[in-house]
**Student:** 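Can you keep this structure in mind? I'll have questions shortly.
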Amino acid sequence: KYLNRILMFLRPKHITLSALQRFRLGACAVLCVWLLAACSLEPADDTPTKSEPTANADRLLILCEGLWGMNNASLSLLDHGVLTNHWFRQQNPGERLGDTANDILQVNDTLIAISVNWSNIVQYIRPDGTAIAATENIPNNRRMATDHRGYLYVTSYADHGYVAKIDLRTKLVVDTCHVGYEPEGIAYYDGRLYVANTGGYSTQTQDHGYEQTISVVDAQTMRELRRIDTGCKNLYGKVAQWREWLCINAAGDMYNTPPHTVVLNMASEEFRVFDFPSTYCCAAQGRFYCLGSAYSHLTGEYAFSTHTIALPSLSASEGLAGYAAADSVIAAMQSPYALYISPRSAHMYASDARAYATNGYVYEFSPTGTLLNRYLLRGVNLYLRSTVGGALVSSAPTEQKCTVYLAGEAETAAPPEEGTNRAMTHATKTILPQIAQIYTDPLGAWEVPQNSRNSQNSKHTPSVRISEFRGKNTQAKLL
C-alpha cells in the first residue's frame, strides 16, 4: 500500500498509465517475491466460503477505501446473506465513487453520506445506491456525524484541523470551526460536537506533537468551547456512541506509549481510561464491544485483543460477552480488522484483512457467537462500520426493512483513465449559483442559494455538483 503511494509520486509525467503499471509490477518483483504473493487477490487457503443466504433481514453496505491515488473506492452490498461486489458502479453505470473513501453515515431513512478523502468530497446516495449530489472542497476529510436536524459535520485534516458544517438541504458548507491537529472521530450530543484530535501528522511535519484532547464545539455557532485533556496520545479512528457515552481509541505513539481506550460521558464530560485499545469498536445492547489492534514499531508486530465495556457501570472484561464463542474464530484470523453488531438481528460481523493487500473475509456470527457464514469480499482491508448511532438504537423501527451500513477498504482495481480530473471519473455538472430552481432530493425540495457563506476560512469555499447519469443532462432535469 505504501509502495503504491511512493510510486505515484515518483511517476514521470510522460509515462503512460500502462507503463506505470509495468513499472509498479517490475519494482515489486525486484523488491521481493513474497510481496507479489501478498498482493494476490485470490484466497490464501482452500477453505470453501458459504454462499447460502442467512435467515435475517440485515441489509449491509460495505464501503471499500481503495488504494490511495487509484480512484478505486467502492461499495458492496450484503443483502439477506447475498453478497454483491461493486454495487455502487452497478447502480451508477460508468460512475466511480472516488479516491480513498473514509467514512459512511446513514443521515436518515432516505439519505446516505460518504466521505471520500482524496477526492475531497462528501458523496450522497439514496438507499438504492443512486448517487444524487456531492459537497466538494472539504480537503482531507475524515469522519462524519449528524444532528438529525438537517446538518452534517465533517472532520478535516486540512488547515491545521477543522470541522465543516454542511446544510443537507443545499449540500453547501455553511460554517467551519478550527479544532486540534488532524481531528478524527466526531459525535453529536445535546447541541455539542465532540471531536477526537490525533496530531497524527506530527511525525511527518515535525511542527506539533500527538494530540490528547477532545474538542467540544457548539454545533449551532460552530465555536470551540473547550478541550478535554484525556492524557492519552493519538485519539485515532472512528468513535462509537451509545446515547451519552462515547468510546474513543487512543493509539499511542507505537513506540513507548501504549494504546488505551477513553470512554467519555458527554452529559457530564467525565471520562475513564482503560489500558487496552479499541481500534475497531461498536455499540450494542448497552455495551461497547472492542477489537483492539496494537502495533509496535519496535517489534514490527500487531497484538490483537477483544474486550467488552458495560454501560453505565463502565465495568470492563476480556472477550466479547455473549458472543464469546466468536473469540476463538477472531483469534485465528490473520489480521482481524473490524467489528459490528446489527441492531436488528443481533448478528455480529467481523472482518479479516489477512495480508492487507489481498481480498478479505467478512464473518457472520449468531447472537450466541456461532459462526454462520463467511463472505469473500473483492476488496482489501475490510473495516466494518455501523452508521446507526447508539442514540438511535432505542428508536422504534420503521415499517421498512432495517438498513445498516458498514465500511471497509477495497481491492486493487484498474488504474484511472487518462485525463481523469483529480483522480475521479465522475461526469459532473456544476449547479450555477444563479440557478434557484427547485430540486427534489431525499430531504424534500430545496433551493440553490445565491451565495454560500464560509465564516472562517476562504479556502473552504464549497460548491455542489450533481452527477450526470446514463447521458441525461441533470441541469436540464432541474429546470
Side-chain angles (χ1 to χ4, degrees), residues 59-68 70-78 84-92 95-146 151-157 163-168 171-173 184-186 237-238 338 340 377 379 381-389 403-411 413 422-426 428 441-443 462-467 469:
R59 187 171 185 266
L60 315 175
L61 281 180
I62 302 169
L63 175 63
C64 301
E65 183 183 68
L67 293 176
W68 181 83
M70 295 296 289
N71 189 35
N72 63 344
S74 67
L75 277 173
S76 295
L77 173 69
L78 183 57
T84 302
N85 283 302
H86 302 297
W87 183 68
F88 178 86
R89 297 186 71 175
Q90 174 181 297
Q91 300 303 102
N92 303 282
E95 300 292 320
R96 291 195 180 188
L97 183 57
D99 198 316
T100 317
N102 270 176
D103 198 10
I104 185 169
L105 179 69
Q106 184 179 9
V107 177
N108 55 36
D109 288 340
T110 59
L111 186 66
I112 301 161
I114 304 170
S115 167
V116 190
N117 173 272
W118 199 241
S119 293
N120 301 327
I121 65 170
V122 174
Q123 175 71 60
Y124 304 97
I125 65 172
R126 297 189 176 99
D128 66 0
T130 305
I132 58 170
T135 302
E136 295 192 331
N137 299 330
I138 306 179
N140 213 343
N141 53 70
R142 300 294 292 177
R143 316 295 180 186
M144 300 179 293
T146 181
Y151 292 97
L152 182 70
Y153 304 89
V154 186
T155 58
S156 169
Y157 276 18
V163 177
K165 181 178 183 178
I166 300 172
D167 186 333
L168 288 169
K171 311 299 187 292
L172 295 175
V173 175
E184 271 281 319
I186 182 172
K238 179 79 171 181
Y340 167 71
L377 270 293
N381 297 343
L382 304 168
Y383 56 93
L384 312 178
R385 200 171 285 144
S386 167
T387 65
V388 178
T403 302
V404 185
Y405 301 90
L406 314 177
E409 291 185 10
E411 68 183 295
R422 290 193 300 106
M424 296 178 62
T425 56
H426 289 300
T428 60
D441 77 345
L443 288 175
S463 62
V464 177
R465 293 197 174 196
I466 301 290
S467 297
F469 298 111

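What you see is a predicted model; the values in this text were computed from it and never measured.
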**Student:** What are the two closest heavy atoms between A131 and I125, and how far apart are they?
**Tutor:** CA-CG2, 3.8 Å
**Student:** Where do A73 and T100 come nearest, in terms of heavy atoms and distance?
**Tutor:** CB-N, 4.1 Å
**Student:** List the steps and the verdict of side chain to side chain contact (heavy atoms under 4.5 Å, CB included) for I138 and I166.
**Tutor:** CA-CA 10 Å; I138 306 179; I166 300 172; 3.7 Å; yes
**Student:** Using modelled atom types only, decide if a donor and an acceptor are shared between the side chain of Q106 and the backbone of L111 within a distance under 3.5 Å.
**Tutor:** no
**Student:** Quick one: NZ on K165 to CG on L172, what's the gap to the nearest 0.5 Å?
**Tutor:** 13.5 Å
**Student:** Please list, chain by chain and in numerical order, all residues satisfying side chain to side chain donor-acceptor pair (under 3.5 Å) with S156, sequence neighbours excluded.
**Tutor:** none
**Student:** Are I114 and F88 close enough, and set up right, to give a side chain to side chain contact (heavy atoms under 4.5 Å, CB included), and what steps lead you there?
**Tutor:** CA-CA 12 Å; I114 304 170; F88 178 86; 5.5 Å; no
**Student:** Between V154 and T135, is there a side-chain heavy-atom distance shorter than 4.5 Å?
**Tutor:** no
**Student:** Please confirm whether the backbone N or O of C64 pairs with a side-chain atom of S74, one donor and one acceptor, at under 3.5 Å?
**Tutor:** no
**Student:** Can you list everything that forms a side chain to side chain contact (heavy atoms under 4.5 Å, CB included) with A113? Sequence neighbours excluded, please.
**Tutor:** V107, V122, Y124, M144, L152
**Student:** Could you pull out all residues at least two apart from Y157 that satisfy side chain to side chain donor-acceptor pair (under 3.5 Å)?
**Tutor:** E184
**Student:** Would N137 and N120 satisfy side chain to side chain contact (heavy atoms under 4.5 Å, CB included), going step by step from the backbone distance to the final call?
**Tutor:** CA-CA 6 Å; N137 299 330; N120 301 327; 5.7 Å; no
**Student:** Decide whether N117 and N140 meet the rule of one side-chain donor and one side-chain acceptor closer than 3.5 Å.
**Tutor:** yes
**Student:** To the nearest 0.5 Å, how far apart are NE2 in H86 and CG in N72?
**Tutor:** 9.0 Å
**Student:** So, N102 and E65: side-chain donor and acceptor under 3.5 Å apart, yes or no?
**Tutor:** yes
**Student:** Quick check for you: to the nearest 0.5 Å, what is the distance between T84 atom OG1 and Q91 atom CD?
**Tutor:** 8.5 Å
**Student:** About how many Å separate OG of S76 and CZ of R89, when rounded to the nearest 0.5 Å?
**Tutor:** 11.5 Å
**Student:** Hey, what do you get for CG (D103) to CG (N141), rounding to the nearest 0.5 Å?
**Tutor:** 9.5 Å
**Student:** Check whether any side-chain N or O of Q123 sits under 3.5 Å from a backbone N or O of L97 as a donor-acceptor pair, and report yes or no.
**Tutor:** no
**Student:** Does the pair L61 and L77 meet the rule for a side chain to side chain contact (heavy atoms under 4.5 Å, CB included), with working shown?
**Tutor:** CA-CA 5 Å; L61 281 180; L77 173 69; 3.9 Å; yes
**Student:** Please round to the nearest 0.5 Å and tell me the distance separating atom CG of D109 and atom CZ of R126.
**Tutor:** 14.5 Å
**Student:** Is the backbone of R143 close enough, under 3.5 Å, to the side chain of S115 for a donor and an acceptor to pair up by distance?
**Tutor:** no
**Student:** Does T130 offer a backbone N or O that forms a donor-acceptor pair with the side chain of N92 under 3.5 Å?
**Tutor:** no
**Student:** May I ask you to test the Y151-D167 pair for a side-chain heavy-atom distance under 4.5 Å?
**Tutor:** yes
